[in-house]
Amino acid sequence: MSLSWLDDNSLEFPPLEDALHDPNGLLAVGGDLSIERLLQAYRSGIFPWYSEDQPILWWSPDPRMVLRPDALRISKSLRKQIRRSNWRLTLDTAFPQVISCCAGERGDDAGTWISEEMQDAYIELHRGGHAHSVEVRDQQSESLLGGLYGVAIGKVFFGESMFSYADNASKVALVYLMEQLNRWNYSLVDCQVASEHLLSLGAGEI
């Protein structure tokens with residue numbers, strides 16, 4: 001099956017059933033990262049993921065890693081760290097810095113998928129009220145120690161990336177986010193693909 005190239009003049013995506021099995025979930029190529037197209041993608045269970053030397057690639061993997069806000073698994077050691085740390089947790093106070101830190105953490109000889117183009121697109125989503133960040137700060141210096149960002153639509157939060165400059169800072173950010181989402185009656189966090197880190201926190205595949 002050949003991949004569909006998106007029409008620049010249309011926001012329509014091909015059916016999810018057309019996604020490749022190898023690589024798992026690759027659905028379409030091309031288009032742009034406009035707010036309208038990104039929102040249409042997320043509402044359809046699709047997200048962009050590509051390297052700087054590639055065209056825009058759109059994915060919808062099956063199975064899908066998800067985390068339910070009321071099913072978060074917090075280890076005793078992590079609970080102890082949360083109680084004893086002097087960290088301060090905030091929401092949406094430093095979105096551009098958080099996404100830049102996430103990009104830097106994944107930067108290596110192969111580059112990062114959070115390119116400047118991706119950063120600009122998600123900063124625009126944030127300005128439009130659709131993308132959000134969690135910040136973990138040192139209480140005295142206010143410096144960023146960790147965080148995460150993602151997209152919220154309806155009662156689903158689509159997690160994109162996280163970073164840590166201190167042990168477990170990204171996990172603490174996720175715990176804080178999940179507690180908030182549970183209070184706000186969110187039903188699901190889309191984690192996209194499986195990882196040991198997410199499995200240890202109670203995530204599972206559907």
Side-chain angles (χ1 to χ4, degrees), residues 1-68 95 98-100 102-108 110-126 128 130-133 148-163 170 174 177 181 186-199 201 203-206:
M1 182 183 296
S2 61
L3 283 176
S4 298
W5 278 85
L6 298 183
D7 183 346
D8 289 341
N9 299 315
S10 171
L11 299 179
E12 185 176 353
F13 284 90
L16 300 190
E17 293 76 15
D18 290 353
L20 300 181
H21 296 292
D22 186 19
N24 180 22
L26 183 55
L27 178 67
V29 184
D32 57 29
L33 296 177
S34 65
I35 289 179
E36 294 78 15
R37 190 181 298 276
L38 284 170
L39 292 178
Q40 177 66 19
Y42 280 102
R43 290 180 182 124
S44 305
I46 302 165
F47 58 88
W49 185 26
Y50 64 102
S51 300
E52 289 186 284
D53 59 348
Q54 297 175 321
I56 301 173
L57 303 178
W58 301 90
W59 302 76
S60 184
D62 182 13
R64 193 75 161 245
M65 177 65 72
V66 300
L67 185 57
R68 301 185 187 281
F95 187 93
V98 168
I99 194 171
S100 177
C102 289
E105 180 144 307
R106 278 149 182 76
D108 53 28
T112 174
W113 61 269
I114 311 176
S115 63
E116 288 189 12
E117 182 182 32
M118 288 280 278
Q119 291 181 54
D120 290 343
Y122 283 81
I123 288 171
E124 284 302 308
L125 273 180
H126 172 66
H130 307 291
H132 304 279
S133 60
L148 59 83
Y149 77 95
V151 177
I153 299 176
K155 293 296 183 180
V156 177
F157 188 89
F158 301 85
E160 280 298 316
S161 187
M162 54 178 61
F163 77 98
S170 62
L174 182 60
L177 172 68
L181 296 180
Y186 271 61
S187 57
L188 203 66
V189 174
D190 177 18
C191 305
Q192 299 175 348
V193 294
S195 73
E196 292 300 320
H197 171 74
L198 291 166
L199 287 169
L201 293 167
E205 291 185 323
I206 58 172

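Just so it is clear, the values below take in all heavy atoms, side chains as well, and ignore hydrogens, waters and symmetry mates. Position 1 is the first residue of the sequence, and the numbers go up from there. Worth saying up front: this structure is predicted, and the values here are computed from it rather than measured.
- There is a side-chain donor-acceptor pair under 3.5 Å between Glu160 and Gln192.
- The minimum heavy-atom distance between Cys191 and Leu198, with the atom names listed, is CB-CD1, 3.6 Å.
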Q: Step by step, work out the side chain to side chain contact (heavy atoms under 4.5 Å, CB included) result for Ile153 and Arg43.
A: CA-CA 7 Å; Ile153 299 176; Arg43 290 180 182 124; 4.0 Å; yes
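- A distance-only check finds no donor-acceptor pair linking the side chain of Trp58 to the backbone of Ala41 [under 3.5 Å].
- Scanning both residues, Gly45 and Ser60, for their nearest heavy atoms gives O-OG, 2.9 Å.
- In this structure, CZ in Arg64 is found 4.0 Å from CG in Asp190, a value given to the nearest 0.5 Å.
- To the nearest 0.5 angstrom, Asp8 atom CG is 6.5 Å from Arg37 atom CZ.
- The distance from atom CD of Gln119 to atom CZ of Phe95, rounded to the nearest 0.5 Å, is 9.5 Å.
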Q: Could you check Asp18 against Leu27 for side chain to side chain contact (heavy atoms under 4.5 Å, CB included), going step by step and ending with a plain yes or no?
A: CA-CA 6 Å; Asp18 290 353; Leu27 178 67; 4.2 Å; yes
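- Across all their heavy atoms, Ile206 and Val66 have their closest contact at CD1-CG1, 3.7 Å.
- The closest donor-acceptor contact from the side chain of Ser44 to the backbone of Ile46 lies at 3.5 Å or more, if one exists at all.
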Q: Report the C-alpha distance between Tyr50 and Ser115 in whole Å, list the side-chain angles of each, state the deciding distance to 0.1 Å, and finish with yes or no for side chain to side chain contact (heavy atoms under 4.5 Å, CB included).
A: CA-CA 9 Å; Tyr50 64 102; Ser115 63; 4.2 Å; yes
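- Minimum interatomic distance between Ser195 and Met65 (heavy atoms only, all atoms of both residues): N-CE, 4.1 Å.
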Q: Dump the intermediate steps for side chain to side chain contact (heavy atoms under 4.5 Å, CB included) on Leu33 and Tyr122, then the final yes or no.
A: CA-CA 9 Å; Leu33 296 177; Tyr122 283 81; 5.8 Å; no
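- Annotation for Leu26 and Leu57: closest pair CD1-CB, 3.9 Å, computed over non-hydrogen atoms.
- Between Tyr42 and Phe158, the distance from one ring center to the other falls under 6.0 angstrom.
- More than 12 non-hydrogen atoms from other residues, nucleotides or ligands lie less than 6.0 angstrom from CD of Gln54.
- Interatomic distance, Ser161 OG to Tyr149 OH, rounded to the nearest 0.5 Å: 5.5 Å.
- Around CZ of Arg68, the count of heavy atoms belonging to other residues, nucleotides or ligands within 6.0 Å does not exceed 12.
- Contact record, Ala152 with His132: CB-CD2, 3.8 Å, taken as the closest heavy-atom pair.
- Considering CD of Glu205 and CG of Asp62, their distance stands at 9.0 Å, rounded to 0.5 Å.
- Taking CD1 of Ile114 as the reference point, atom OG of Ser100 lies at 9.5 Å (rounded to 0.5 Å).
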